[in-house]
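A quick write-up on the structure given underneath.
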Protein chains: 2
Amino acid sequence: MTDSTEAPRRTRIQQEKRELILEAALEVFSTNGFRGSTIDQIAEAAGMSKPNLLYYFRRKEDIHETLMERLLETWLAPLRELDDIGDPMTELRSYIRRKLEMARDFPRESRLFANEILQGAPRIMPLLTGELKTLVDEKAAVIKGWMRAGKIARTDPWHLIFAIWATTQHYADFDVQVRAVLGPNRGGEGRFEDAARFLEQLFLDGLKPKG
Amino acid sequence: MTDSTEAPRRTRIQQEKRELILEAALEVFSTNGFRGSTIDQIAEAAGMSKPNLLYYFRRKEDIHETLMERLLETWLAPLRELDDIGDPMTELRSYIRRKLEMARDFPRESRLFANEILQGAPRIMPLLTGELKTLVDEKAAVIKGWMRAGKIARTDPWHLIFAIWATTQHYADFDVQVRAVLGPNRGGEGRFEDAARFLEQLFLDGLKPKG
DNA sequence: CAAATTTTTGACCGATTGGACAAACGTTAG
DNA sequence: CTAACGTTTGTCCAATCGGTCAAAAATTTG
């Protein structure tokens, strides 16, 4: 029953309350940023008093830190799945689709991440130059292999990955702008399907080998 | 000498000091967000005392408001220039290039805007549903004309504009991540040229009519 | 039951925040 | 010089911030 990691063992109530707090904090942090959010706001969103919240998380930063740690794993999962086996075009297409689905289903996580990066990534910089760079370099090598094999057009794999990130996360991070511009009709639920269709056409036709 | 607009007339010193403050505020707001920035920070960055700053801008929000008003005009200028005369492919290419140059030359402005949108655009929502939507709809109509004429591939003009925004602004808003992933060598000055080459290939090959 | 432990709360603290204000300072015009 | 006006600053304030603490309340354990 002892944890394999350094995490302290916790009671069932502690587990549940911590989850409640993290859920509330995700809501608050993602819309106000770290410095723009207050412990009171999070406590109220979690339905408890401030001292009670601080009983489960000693400092405001601890909440944010826990949130970011969890986030990064789920956030990079789609890229990790990008595999050398299977048709390159299909792999890229499904990667784009998965990323867009995440923007649709987890917009708060996307905005939380965007907030952190926008402000210079003061809390997760080591992860960017370490784990993230390693992963991206690895996948860039895979993509380069596809290019050498003539499966997709030759281009810069790193900037290709950036472009996929940018276009998909845009629908989470800039959601209000997207909806404002599309208007009530086209900005409704169908906007993600429109986006999926467009992105598929943009990336795949653009990457099609010139055979 | 009377202003044509509602702006109050100001002395030469007021003009200069206000510019100084706005420059400092751009730096501070763009990296810390509105709520994350303090008047003291801005005052210090502008080299003056807090009460002195408040002599030129009565409230913190006034600074941000002035900044956003100016920003939006210069920010949308490239899209306004997108014109029906000239070759569609060339027009789109130069629009992408101009947007990328703005991400390179005015990253703080981009981040200021991103911060505002991320937090739900509480201060500029009317501009999004009004002026911005009107402009985008207008340009989308132009692009649609190009598609009907067979000059570019048929696709969704609105999402095409979103994709151009997303991919170019990514190099300003997510700059730290881009540099972290590219590393010291490829993340240097040349990264914008690499990005320009990649984006040109992505968009143009993807938009080339299938003739 | 009662004791031990965990959870919750109200009251409080020092630091920081946005902003007010009157007094001092500088500059210019008569 | 002096009066008027524009500029700058030190001081102060109420509100809010992150966080502490002791004590009450609830829960678990024996």
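Quick note on labels: first sequence line is chain A, next is B, and so on, each numbered from 1.
As a whole-Å value, the separation of A:H64 NE2 from D:dG19 P is 13 Å. Atoms CG (B:D62) and P (C:dA20) sit 10 Å apart, rounded to a whole Å. The CD atom of B:E44 sits 11 Å away from the P atom of C:dT17 (whole-angstrom rounding). Regarding B:D40, its CG atom lies at a distance of 15 Å from the P atom of D:dT11, rounded to whole Å. Note: CD1 (B:I63) to C1' (C:dG19) measures 12 Å, nearest angstrom. Residue A:L54 contributes atom CG, which lies 16 Å from atom C1' of D:dA22 at whole-angstrom precision. For the pair A:R58 CZ and D:dG19 P, the computed distance is 11 Å after rounding to whole Å. Counting to the nearest Å, the P atom of C:dG18 and the CZ atom of B:F57 are 16 Å from each other.
Taking all atoms of both residues into account, the shortest heavy-atom contact from A:V178 to A:R191 is CG1-CD, 4.3 Å. Closest approach of A:R111 and A:D175 over heavy atoms only: NH1-CB, 3.9 Å. Residues B:F34 and B:K60 approach most closely at O-NZ, 3.0 Å, considering heavy atoms. Between B:S30 and B:N115 the shortest heavy-atom distance is O-ND2, 3.5 Å.
With B:Y171 as the aromatic partner, B:R104 does not meet the cation-pi criteria of under 6.0 angstrom to the ring centre and within 45 degrees of the ring axis.
For A:R18 and A:E23, the salt-bridge test fails: no basic side-chain N is under 4.0 Å from an acidic carboxylate O.
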Under 3.5 Å, which protein N or O atoms sit close to an N or O of nucleotides 23-26 of chain D? Give each pair with its distance.
none

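Using cut-offs of 30° and 60° on the angle between ring planes, the pair A:F162 and A:H159 is perpendicular.
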**OP:** Give the B/S/- string for nucleotides 4-16 of chain C, one per nucleotide from 5' to 3', where a protein heavy atom under 4.0 Å of the base yields B, of only the sugar-phosphate yields S, and otherwise -.
**Re:** --SBBBBB-----
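Within 4.0 Å (heavy atoms only), A:I39 reaches sugar-phosphate atoms of the nucleic acid but no base atom.
Residues A:W158 and A:D137 bring a donor and an acceptor atom of their side chains to less than 3.5 Å of each other.
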Original post:
Are B:L20 and B:Y56 close enough, and set up right, to give a side-chain contact (heavy atoms from CB on, under 4.5 Å), and what steps lead you there?
Top reply: CA-CA 11 Å; B:L20 204 74; B:Y56 294 103; over 6 Å; no
